There are 2 protein chains.
Amino acid sequence: MSGLDFDSDGRRLLDQLFDKWSLLVLEALCDRPRRFNELRQHLPAITPKSLTTCLRRLERNGLIERLVVSTDPVAIEYRITDLGRSLESPLQAMLRWVVDHLDVVEAARSDYDERRTRSEETRSVPEWLHRT
Amino acid sequence: MSGLDFDSDGRRLLDQLFDKWSLLVLEALCDRPRRFNELRQHLPAITPKSLTTCLRRLERNGLIERLVVSTDPVAIEYRITDLGRSLESPLQAMLRWVVDHLDVVEAARSDYDERRTRSEETRSVPEWLHRT
DNA sequence: CAGTATCCCAATGGATACTG
DNA sequence: CAGTATCCATTGGGATACTG
């Protein structure tokens, strides 16, 4: 009754879905099919290696397809599948939440850090909390 | 027009939100406030260290609160904040998608792996794709 | 263009034991 | 009960260079 029951399978699926780039790549492909280097441009910070890994995973999970288009110099494009499309709206909702709440989360962090540093002048804030 | 524009800030926020346990912990707290060991029971595989880390992060991001309840032996409970609550429905949607599609994703994987192993008898499937 | 191949480091997170 | 302290293994992922 407490909502969803996650056994280890759910846990692991979550891992693969939410790696560092998957959500962003998936969103880019929701928009329209794209090619490898288009995606690289769209996600400026991604390295070719990471992008490859990410695309293979999404493909393996059935969320996207890799298509070899027989044009003159063959083009390779990635496009979302029906399964991937079914994730679109939950995905968009999450991403939208993130952009809509960037500032308030940021504020919460400053707040937290300040309270921490004020109350205990001795111990400094663990820096693992600081990476944005 | 391609939807959301993610600069590095969005990227990093995503990191912190989607660590290995955050979503699950957050969901557990959406249900009702819980105490440390309650959460441990609810997430059987989590270690105390990971749970602590996760809770501190969520707290720092303003999604949950840590409350010291002055009962006889003091009780400590974690409860979701309004900010955290605002994430509830996108979160539930994502988790629901996952449970609803566990089997079809699983099928897609078997499919992918089989096609791979069939087409190239030589190279075996990279095992990093195998961890469920 | 669409990747692969290496090298390498930082960080996540498991296991375990201990504590106010 | 609610953590903290260590130690340690894995790995995700960046940088860079190379290739069919």
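Here the structure is a predicted model, which is why all the values come from computation and not from measurement.
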Let me know the distance between CG of A:Leu51 and C1' of D:dG13, rounded to the nearest Å. 13 Å
Step by step, would you call B:Ser50 with B:Thr47 a side-chain hydrogen bond (donor to acceptor under 3.5 Å, both in side chains)? CA-CA 5 Å; B:Ser50 299; B:Thr47 61; 3.0 Å; yes
Residues A:Glu77, A:Arg32; criterion salt bridge (Lys or Arg N to Asp or Glu O under 4.0 Å); working and verdict: CA-CA 10 Å; A:Glu77 72 172 32; A:Arg32 59 183 164 81; over 6 Å; no
Name of the residue among A:Leu67, A:Leu58, A:Leu55 meeting side-chain contact (heavy atoms from CB on, under 4.5 Å) with A:Tyr78: A:Leu55
Residues in residues 66-81 of chain B with a heavy atom under 4.0 Å of DNA chain C, by number, are none
List the atom of A:Ala28, the atom of A:Leu39, and the distance in Å for their closest heavy-atom pair. CB-CD2, 3.9 Å
Anything under 3.5 Å between a protein N or O and an N or O of nucleotides 13-15 of chain C, put it in a table, one pair a line.
{"unit_1": "C:dG13", "atom_1": "OP1", "unit_2": "B:Lys20", "atom_2": "N", "d": "3.0"}
{"unit_1": "C:dG13", "atom_1": "N7", "unit_2": "B:Lys49", "atom_2": "NZ", "d": "3.0"}
{"unit_1": "C:dG13", "atom_1": "O6", "unit_2": "B:Lys49", "atom_2": "NZ", "d": "3.4"}
{"unit_1": "C:dG14", "atom_1": "OP1", "unit_2": "B:Lys20", "atom_2": "NZ", "d": "2.7"}
{"unit_1": "C:dG14", "atom_1": "OP2", "unit_2": "B:Ser50", "atom_2": "OG", "d": "2.9"}
{"unit_1": "C:dG14", "atom_1": "O6", "unit_2": "B:Lys49", "atom_2": "NZ", "d": "2.4"}

Is the Lys NZ or Arg CZ of B:Arg11 less than 6.0 Å from the centre of A:Trp21's six-membered ring, within 45° of the axis? yes
Take atom CG of B:Leu39 and atom P of D:dG3, then tell me their distance rounded to the nearest Å. 10 Å
From CZ of A:Arg40 across to C1' of D:dT16 the rounded distance in Å is 11 Å
More than 12 heavy atoms of other residues, nucleotides or ligands under 6.0 Å from CG of A:Asp103: is that the case? yes
Taking atom C1' of D:dT19 as reference, at what distance in whole Å does atom CG of A:Asn37 sit? 14 Å
Inspect the contact between B:Glu38 and B:Arg35 and indicate whether a charged nitrogen and a carboxylate oxygen are less than 4.0 angstrom apart. no
Does C:dA2 have its OP1 or OP2 closer than 4.0 Å to a side-chain nitrogen or oxygen of A:Arg35? yes
Might you work through the side-chain contact (heavy atoms from CB on, under 4.5 Å) test for B:Tyr112 and A:Arg56, ending with a clear yes or no? CA-CA 10 Å; B:Tyr112 181 92; A:Arg56 292 293 168 274; 3.7 Å; yes
Starting from P on C:dG3, measure out to CD on A:Glu38 and report it in whole angstrom. 13 Å
From CZ of A:Phe18 over to C1' of D:dG12, roughly how many Å is that when rounded to an integer? 17 Å
Looking only at non-hydrogen atoms, find the nearest pair between A:Pro73 and A:Thr71 and report the distance. O-OG1, 3.0 Å
Nearest heavy-atom pair of B:Ser22 and B:Gln16: which atoms, and what distance? OG-O, 3.8 Å
In which stems does DNA chain C show up, taking only runs of three or more Watson-Crick or G-U wobble pairs whose two distances fall under 3.5 Å? C:1-20 with D:1-20
Are any of the side-chain nitrogens in B:Asp111 or A:Arg60 under 4.0 Å away from the carboxylate oxygens of its partner? no
Would you tell me if any nitrogen or oxygen in the side chain of A:Arg56 comes within less than 4.0 Å of OP1 or OP2 on C:dG3? yes
